*Asks:* 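Pasting in a structure now, in structure tokens, and then I'll have a few things to ask.
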Amino acid sequence: MTALPANVSVCRSAAALLPTPDPLLNLTAAVQAASGQPLAPLCTRCCCGFLNRFLTVAFMVSLAFAIVVGNVITLTVFVQTRQSRTPQGYLKVSLAIADMMVGVLVVPFSVYTEISLMVTNTLPVWYQGISTSLAILYRRGGLLNPWQPCMLIGPVFAGCTFVSISTIFLMTLERSVAILRPLHKDALVTRRRTLLLILLSWVASFLLAIAPLIFSSNFTLEYNGCSRMCNYAPLVFGSRPPPDANILLLFPSFDFTLLGGTLVVNIVSFTSIRRYSQKRKLLSEGSLSDAGGGAGGGGCPHRPSFSDIKAAKTISILTFAFTASFSPIAVFVLGNVVGYTWCNFSFFAFWILTGNSCCNVIIYSVRDHRFRKGVSLLFQRDQSPPHSDKN
């Protein structure tokens with residue numbers, strides 16, 4: 001792998017690199033000549049300054065710690081609690097694994113890159129602009145294209161995002177069956193079918209994450225100095241974007257399609273719950289006789305349980321939280337395809353979506369009584385009972 005000169009300042013334009021007698025090390029001149037443009041300036045309002053970078057790294061470390069610890073607790077509770085070994089429990093485990101991968105791989109890589117920039121003042125080969133120009137050189141046969149960590153980190157982040165929304169959609173379907181067809185729930189929603197759907201969601205999500213790299217040769221992945229993450233970057237020849245730049249719109253289209261389906265299923269489920277609640281109120285007041293179909297008549301022949309209703313409300317909160325966290329990134333992707341950069345906005349958009357990975361455990365803690373009980377039992381197991389209690 002070719003290296004950049006060691007005398008590069010982080011907050012200087014990449015065009016100011018000093019030439020070296022070694023042609024292999026004079027990488028900046030080569031990539032500029034190949035792309036026809038100087039590299040993007042590295043110093044912007046959102047990325048310069050030691051204090052700014054230090055606070056950013058502190059935020060990233062805190063977020064990674066919260067994501068990993070929260071989801072480890074979630075996985076431990078669901079694995080060690082026998083009552084959680086249900087289709088809904090498996091879906092929650094899938095969601096926790098996707099969230100934890102973000103905290104284990106995606107966020108630590110950003111922390112590593114930011115610390116490297118602060119300590120060494122040397123631009124990594126996967127940095128913004130350099131990676132794109134290297135890919136252009138590779139296509140023109142000028143240089144060997146070095147492998148970059150962003151080729152792994154970027155699809156992992158995108159794939160885990162797709163897994164999260166597809167899992168929330170499956171959780172919504174599972175609760176809707178429990179509410180609308182409670183007598184057929186055990187026959188329709190089985191563990192085998194749930195595990196198969198989870199596997200299909202993971203495979204489809206990661207295939208979609210690498211779709212821009214599979215179906216187009218005009219994209220690469222690079223560490224963006226504004227978002228502080230590995231992003232998909234189109235290869236721009238001169239001032240012309242690639243003709244297939246709209247392929248990135250697959251991401252928000254997929255997510256909003258599933259979110260729209262989740263919203264529709266939630267509306268159907270809560271409409272059924274509302275009809276049942278109104279009929280139960282009329283029965284309790286004596287305004288409706290039991291001869292009209294019993295306690296479950298009038299469009300709700302089977303009574304949904306309290307746990308199913310509460311679980312449906314919890315899933316609706318998960319859906320709202322994910323929609324709120326994903327909407328900024330969808331706006332950013334749309335603006336990026338059109339031609340806007342939005343440096344400061346991109347940082348908040350990407351990291352709001354990343355912060356959603358630690359929101360699920362908070363929602364479980366507030367809404368799920370069984371989860372809270374499992375957490376309390378988990379921390380009480382380490383405390384051995386007194387000798388008198390054992391006797």
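Residue numbers count from 1 along this sequence. Below, each value reflects all heavy atoms present in this structure, side chains not excepted, and no hydrogens, waters or symmetry copies. Keep in mind it's a predicted model, so treat the numbers as computed, not measured.
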*Asks:* For the OG1 atom of Thr56 and the CD1 atom of Ile115, what is their distance to the nearest 0.5 Å?
*Replies:*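 The OG1 atom of Thr56 sits 11.5 Å away from the CD1 atom of Ile115.
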*Asks:* In terms of hydrophobic clustering (I, L, V, M, F, W, Y; side-chain heavy atoms under 4.5 Å; direct or indirect links), are Phe320 and Ile165 co-clustered?
*Replies:*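 Different clusters: Phe320 never reaches Ile165 through Ile, Leu, Val, Met, Phe, Trp or Tyr contacts under 4.5 Å.
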*Asks:* Going by the salt bridge (charged side-chain N to carboxylate O under 4.0 Å, His left out) test, which pairs reach into residues 89-106, not counting sequence neighbours?
*Replies:*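 Qualifying pairs: Lys92-Asp368.
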*Asks:* Between Ser327 and Thr323, what is the shortest heavy-atom contact and its length?
*Replies:*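 Closest approach of Ser327 to Thr323, heavy atoms only: OG-O, 2.6 Å.
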*Asks:* Under the criterion side-chain contact (heavy atoms from CB on, under 4.5 Å), I'd like the reasoning laid out for Asn224 against Cys230: C-alpha separation, chi angles, the key distance, then a yes or no.
*Replies:* CA-CA 6 Å; Asn224 190 279; Cys230 293; over 6 Å; no
*Asks:* Between Pro328 and Phe348, is there a side-chain heavy-atom distance shorter than 4.5 Å?
*Replies:*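 They are not in contact (no side-chain heavy atoms under 4.5 Å apart), so the answer is no.
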*Asks:* What is the distance from atom CZ of Phe169 to atom CG of Asp255, rounded to the nearest 0.5 Å?
*Replies:*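 Phe169 atom CZ to Asp255 atom CG measures 12.5 Å (nearest 0.5 Å).
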*Asks:* Is the ring pair Tyr127/Tyr223 parallel, tilted or perpendicular, if the boundaries are 30 and 60 degrees?
*Replies:*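 Rings of Tyr127 and Tyr223: tilted, 30 to 60°.
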*Asks:* Quick check: closest heavy atoms across Ile153 and Leu105, and the distance to 0.1 Å?
*Replies:*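 Looking at all heavy atoms of both residues, the closest pair is CD1-O, 3.8 Å.
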*Asks:* Please enumerate all residues that pass ring pair (Phe, Tyr, Trp, His ring centres under 6.0 Å) together with Phe206, with sequence neighbours excluded.
*Replies:*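 Result, ring pair (Phe, Tyr, Trp, His ring centres under 6.0 Å) vs Phe206: Trp202.
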*Asks:* Is the shortest heavy-atom distance from the side chain of Thr354 to the side chain of Val106 under 4.5 Å?
*Replies:*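 No, every pair of side-chain atoms sits at 4.5 Å or beyond.
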*Asks:* Could you tell me which residues satisfy side-chain contact (heavy atoms from CB on, under 4.5 Å) with Ala321, sequence neighbours excluded, listed by chain and number?
*Replies:*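 Per chain and number, Ala321 pairs via side-chain contact (heavy atoms from CB on, under 4.5 Å) with Asn356, Ile363.
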*Asks:* Is the count of non-hydrogen atoms from other residues, nucleotides or ligands lying under 6.0 Å from Phe254 atom CZ greater than 12?
*Replies:*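 Atom CZ in Phe254 is packed in, count exceeds 12.
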*Asks:* Can you name the side-chain contact (heavy atoms from CB on, under 4.5 Å) partners of Thr76, sequence neighbours left out?
*Replies:*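 Once residues adjacent in sequence are excluded, the partners of Thr76 under the side-chain contact (heavy atoms from CB on, under 4.5 Å) criterion are Val72, Gln80, Leu378.
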*Asks:* So do Tyr112 and Pro149 actually touch side chain to side chain, heavy atoms under 4.5 Å?
*Replies:*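 Side-chain contact under 4.5 Å: no.
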*Asks:* For Phe350, enumerate each residue passing the ring pair (Phe, Tyr, Trp, His ring centres under 6.0 Å) test, keeping only those at least two apart in sequence or located in another chain.
*Replies:*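 Residues passing ring pair (Phe, Tyr, Trp, His ring centres under 6.0 Å) with Phe350: Phe332.
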*Asks:* Can you name the closest pair of heavy atoms from Val265 and Ser176 and give their distance?
*Replies:*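 It is CG1-CB, 3.5 Å.
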*Asks:* Would you call Pro155 and Leu221 a side-chain contact if the rule is heavy atoms closer than 4.5 Å?
*Replies:*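 A side-chain contact exists here, since the closest heavy-atom pair is under 4.5 Å.
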*Asks:* Please tell me if the side chains of Phe219 and Ile247 come closer than 4.5 Å, counting only heavy atoms from C-beta onward.
*Replies:*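 A side-chain contact exists here, since the closest heavy-atom pair is under 4.5 Å.
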*Asks:* Taking only residues two or more places apart in sequence or in another chain, which ones pass disulfide bond (SG atoms under 2.5 Å apart) with Cys160?
*Replies:*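 Residues passing disulfide bond (SG atoms under 2.5 Å apart) with Cys160: none at all.
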*Asks:* Scan side-chain atoms only and decide if Arg175 and Ser269 contain a donor-acceptor pair under the 3.5 Å cut-off.
*Replies:*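 Checked: Arg175/Ser269 side chains show no N/O donor-acceptor pair below 3.5 Å.
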*Asks:* Report whether Val107 and Val69 are members of the same hydrophobic cluster (ILVMFWY, side-chain heavy atoms less than 4.5 Å apart, transitive linking).
*Replies:*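 Shared cluster, yes.
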*Asks:* Using residues 59-67 as the side-chain source, report each donor-acceptor pair under 3.5 Å to any protein atom, sequence neighbours left out, with the distance given to one decimal.
*Replies:*
residue, atom, partner, partner atom, Å
Ser62, OG, Ala58, O, 2.9

*Asks:* Are the side chain of Arg181 and the backbone N or O of Ala178 linked by a donor-acceptor pair below 3.5 Å?
*Replies:*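 Not a single qualifying donor-acceptor pair exists.
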*Asks:* Working to the nearest 0.5 Å, report the span between CD1 of Ile97 and OG of Ser164.
*Replies:*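 Taking CD1 in Ile97 and OG in Ser164, the distance rounds to 11.5 Å.
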*Asks:* Return the CD1 to SG distance between Ile352 and Cys359, rounded to the nearest 0.5 Å.
*Replies:*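 Between atom CD1 of Ile352 and atom SG of Cys359 there are 10.5 Å.
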*Asks:* Calculate, to the nearest 0.5 Å, the distance between atoms SG and CD belonging to Cys150 and Glu222 respectively.
*Replies:*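 Going from SG on Cys150 over to CD on Glu222, the span is 8.0 Å.
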*Asks:* Report yes if some heavy atom in the side chain of Leu353 is under 4.5 Å from a heavy atom in the side chain of Phe157; otherwise report no.
*Replies:*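 SC-SC contact between Leu353 and Phe157 confirmed.
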*Asks:* Is any side-chain heavy atom of Phe347 closer than 4.5 Å to a side-chain heavy atom of Met229?
*Replies:*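 When only atoms from C-beta onward are counted, Met229 and Phe347 do not touch, as no gap falls below 4.5 Å.
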*Asks:* What verdict does the side-chain contact (heavy atoms from CB on, under 4.5 Å) test give for Phe270 and Ser316, after you've listed the backbone C-alpha separation in whole Å, the side-chain angles of each residue and the deciding distance to 0.1 Å?
*Replies:* CA-CA 10 Å; Phe270 282 106; Ser316 65; 4.0 Å; yes
*Asks:* Go through the structure and list residues passing ring pair (Phe, Tyr, Trp, His ring centres under 6.0 Å) with Phe109, not counting sequence neighbours.
*Replies:*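 Per chain and number, Phe109 pairs via ring pair (Phe, Tyr, Trp, His ring centres under 6.0 Å) with Trp126.
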*Asks:* Which heavy atom of Pro212 sits nearest to which heavy atom of Leu208, and what is that distance?
*Replies:*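 Scanning both residues completely, I find the closest heavy atoms to be CD-O, 3.8 Å.
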*Asks:* Which ILVMFWY residues can you reach from Ile267 by hopping between side chains whose heavy atoms are under 4.5 Å apart?
*Replies:*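 Taking Ile, Leu, Val, Met, Phe, Trp and Tyr as members, Ile267 shares its hydrophobic cluster with Leu263.
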*Asks:* The test is side-chain contact (heavy atoms from CB on, under 4.5 Å); show your working for Phe78 and Thr86 and say whether it passes.
*Replies:* CA-CA 10 Å; Phe78 286 123; Thr86 60; over 6 Å; no
*Asks:* From Met100 CE over to Ser357 OG, what is the distance, rounded to the nearest 0.5 angstrom?
*Replies:*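 Answer rounded to 0.5 Å: 11.5 Å.
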*Asks:* Identify the two heavy atoms, one from Thr120 and one from Ser116, that lie closest to each other, and give their separation to 0.1 Å.
*Replies:*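 Scanning both residues completely, I find the closest heavy atoms to be OG1-O, 2.6 Å.
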*Asks:* Using the ring pair (Phe, Tyr, Trp, His ring centres under 6.0 Å) criterion, which residues pair with Phe256? Sequence neighbours excluded.
*Replies:*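 Once residues adjacent in sequence are excluded, the partners of Phe256 under the ring pair (Phe, Tyr, Trp, His ring centres under 6.0 Å) criterion are Phe326.
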*Asks:* Can you hop from Val77 to Leu75 via hydrophobic side chains spaced under 4.5 Å?
*Replies:*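 Yes.
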*Asks:* Between Val104 and Met101, is there shared hydrophobic-cluster membership here, with clusters defined by ILVMFWY side-chain heavy atoms closer than 4.5 Å?
*Replies:*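 Yes; Met101 is reachable from Val104 via cluster members.
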*Asks:* Looking at residues at least two apart in the chain, or sitting in another chain, which of them share a side-chain contact (heavy atoms from CB on, under 4.5 Å) with Thr167?
*Replies:*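 So Thr167 forms a side-chain contact (heavy atoms from CB on, under 4.5 Å) with Leu91, Ser94, Leu95, Val163, Met171.
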*Asks:* Is the Tyr232-Phe251 ring centre distance short of 6.0 angstrom?
*Replies:*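 Between Tyr232 and Phe251, the centre distance is under 6.0 Å.
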*Asks:* Mark yes or no for whether Asn71, through its side chain, and Thr74, through its backbone, hold a donor-acceptor pair below 3.5 Å.
*Replies:*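 Side chain of Asn71 to backbone of Thr74: no pair is present.
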*Asks:* Report, one line per pair, each donor and acceptor closer than 3.5 Å where one atom sits in a side chain of residues 187-197; sequence neighbours left out.
*Replies:*
residue, atom, partner, partner atom, Å
Thr190, OG1, Arg193, N, 3.3
Arg191, NE, Arg85, O, 3.3
Arg191, NH2, Arg85, O, 2.7
Arg193, NH1, Ala187, O, 3.4
Arg193, NH1, Leu188, O, 3.0
Thr194, OG1, Thr190, O, 2.7

